[in-house]
Each structure stands twice: as C-alpha cells, then as structure tokens.
Student: 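Below is the structure I would like to discuss, written out as structure tokens.
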Amino acid sequence: MNALEYVPVPAFEDNYIWVVSDGRHAVVVDPGEAAPVRAYLAKRGWRLSAILLTHHHQDHVGGVADLLNGQGVPVYGPAGEAIEHVTQRLKNGDRVNIAEPALEFSVLDVPGHTSGHIAYFQAADLAGTPHVFCGDTLFACGCGRLFEGTPAQMLASLDSLAALPGATQVHCAHEYTLSNIRFALACEPDNPELQAWRDKASDLRAGNQPTLPTTIAHERAVNPFLRAGDPAVQAALQEALHEKVSDRLAAFTLMREWKNRFR
Ligand code: ZN
Ligand code: FE
C-alpha cells in the first residue's frame with residue numbers, strides 16, 4: 001500500500017484545503033472553494049472519494065457543491081451545524097471509515113470558534129504517525145476566534161486537542177503563523193523554543209512554504225493558548241493588561257481578548 005500524502009492546497013488569502021491521498025483517491029478537508037482543489041486533483045490524477053467538514057463557515061464549505069458536481073461521494077460534517085450537502089452527521093466519539101484512501105478517524109467535539117465545530121483524529125497512518133484536522137480551532141501558535149462559543153468551551157476544546165499524542169501532525173486551516181508568533185512573543189518573550197520557531201517560520205514564509213503541519217508537542221511548547229496555566233505567561237498578561245489573573249480560564253479569556261485587538 002502506498003504511503004499517504006497530506007497536501008495543503010492554498011485557497012483565498014490564507015486558507016489551506018488539506019488533501020489526503022493514497023496516490024489514486026483523495027479525501028478533501030474543508031473545501032472553501034472548488035477551483036484550486038479541482039486543479040490540484042487533476043494535476044495529480046487523483047479522484048475525489050470523500051469530503052470532510054469541520055464547521056459551517058463559508059471559507060470551509062463554499063466549494064462543496066461545485067466540487068461534488070453531482071457525484072455521490074460522502075460528505076462528513078458536524079451534527080450540530082446545518083450544512084448543505086452533508087450526508088453523514090458526526091458527533092464526539094463517532095468514527096469515520098473511508099476505504100480509499102484507507103483512513104479511519106475518530107471525531108472530537110471542539111466547540112468555541114463555532115458551537116458545533118468538530119475535529120478529525122487519525123490515530124496512525126501507515127508509518128504509525130497520528131494526524132488531526134482541526135479546522136479553525138487550533139492554529140500554529142494560536143487558536144480560532146470565539147464567534148459562537150465561550151472561553152471555557154474553547155479552553156476545554158484546546159485541552160482535548162493538547163491531550164492528543166505529542167507526535168500528532170496538526171493540519172490547521174489557515175496560514176496565520178507569523179502574526180500568531182508575534183502575539184505569542186508578547187505573551188512569552190523569553191521562551192527559547194518560541195524564539196527559534198519565529199526564525200524558522202520566517203524563513204519558511206520568505207520561501208513561500210507553508211509553516212504547517214505543526215505537531216501537538218510543538219504547540220504545547222510554543223502556543224500561548226495552550227500555556228494559559230504557565231506562571232510566566234500569566235505574569236506577562238498581568239503586566240501588559242494591568243489586570244489580575246486569578247486562574248487559567250481568566251488568563252485564557254484575557255489572552256483571547258488581547259489577541260483580538262493585537263496589531
Ligand atoms: Zn471559521
Ligand atoms: Fe476559516
């Protein structure tokens with residue numbers, strides 16, 4: 001059996017539409033637009049076998065109808081959101097089994113960015129590496145905005161992603177890494193792994209390369225939204241915002257609000 005390929009197809013300004021293929025068939029995650037995916041599949045000679053959706057935002061679902069073009073391929077999506085063309089509605093703990101490419105996912109509910117947002121966790125590829133497709137919940141060095149959920153929900157969702165194996169490859173849906181790193185450095189200026197990541201990510205972007213996938217272990221080390229319990233992070237928040245940080249949820253809430261207005 002062929003090793004699987006995980007390809008970020010760029011779309012819009014800064015979206016990635018992830019395509020997973022065994023060299024013949026392909027699963028497409030969050031196709032916000034159809035044209036770049038169709039062009040990529042045609043270039044590689046890959047045939048669409050399923051679509052996975054993480055949440056209802058247009059930049060993640062807008063290309064579904066066009067991509068399907070009448071084909072009867074399954075479309076997986078969150079049970080808690082009304083999305084057109086979804087054929088399989090999923091909730092926490094559900095399993096997804098796809099024959100070609102051979103893929104098995106377990107579903108995690110990760111509300112916060114939207115209230116029904118889900119993530120797809122693959123426990124092992126043929127090499128034993130785990131993968132997660134987390135939409136707009138966890139980003140490299142950041143997290144999604146809270147459009148529909150509460151800070152407590154988002155923190156719990158990020159905790160469930162952070163609890164995945166450290167080697168898990170994290171396939172995020174946007175290239176926000178450099179601006180996220182700038183904010184992360186404001187929260188944690190003395191984190192050496194974060195400083196090293198800033199240099200590496202800057203080089204990647206200067207060469208027009210994606211900074212993704214990241215890994216869960218790396219995000220635990222550099223992502224301030226996974227580090228809201230860290231005393232150094234809490235001290236930096238107190239100093240920058242002149243607000244008392246009483247606990248981890250308060251730190252996370254302040255951090256998310258600060259990021260919304262951070263330039
Ligand atoms: Zn979104
Ligand atoms: Fe998005």
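Start at 1 and go down the list; that is how both ligands and their atoms are numbered.
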Student: Looking at N223 and G142, would you say the former's side chain and the latter's main chain have a donor-acceptor pair under 3.5 Å?
Tutor: yes

Student: Look only at the side chain of E5 and the backbone of S21, and say whether a donor-acceptor pair between them is shorter than 3.5 Å.
Tutor: no

Student: Taking all non-hydrogen atoms of both residues, which atom of V170 and which atom of C134 are closest, and how far apart?
Tutor: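 Of all heavy-atom pairs spanning V170 and C134, the closest is CG1-SG, 3.6 Å.
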
Student: Starting from I51 and following side-chain heavy-atom contacts under 4.5 Å between hydrophobic residues (I, L, V, M, F, W, Y), which residues can be reached?
Tutor: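 Members other than I51 - counting any ILVMFWY side chain reachable under 4.5 Å - are V7, V9, I17, V19, V28, V37, Y40, L41, W46, L48, L53, V61, V64, L67, L68, V73, V75, I83, V86.
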
Student: Any luck finding a side-chain donor-acceptor pair between S49 and E100 under 3.5 Å?
Tutor: no

Student: Are any of the side-chain nitrogens in D94 or K91 under 4.0 Å away from the carboxylate oxygens of its partner?
Tutor: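 So D94 pairs with K91 through a salt bridge.
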
Student: Does anything in residues 246-263 form a salt bridge (charged side-chain N to carboxylate O under 4.0 Å, His left out)? List the pairs, not counting sequence neighbours.
Tutor: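 Sorted pair list: D159-R248.
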
Student: With the Zn ion (ligand 1) as the centre, enumerate protein N/O/S atoms below 2.8 Å in chain and residue order.
Tutor: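 Protein N, O or S atoms closer than 2.8 Å to the Zn ion (ligand 1): H55 NE2, H57 ND1, H113 NE2, D136 OD2.
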
Student: Just checking, any donor-acceptor pair under 3.5 angstrom between side chains of H117 and D136?
Tutor: no

Student: Keeping to distances under 2.8 Å, can you name the protein N/O/S atoms close to the Fe ion (ligand 2)?
Tutor: D59 OD2, H60 NE2, D136 OD2, H174 NE2

Student: Quiz question: by atom type and distance under 3.5 Å, do the side chains of H171 and Q122 form a donor-acceptor pair?
Tutor: no

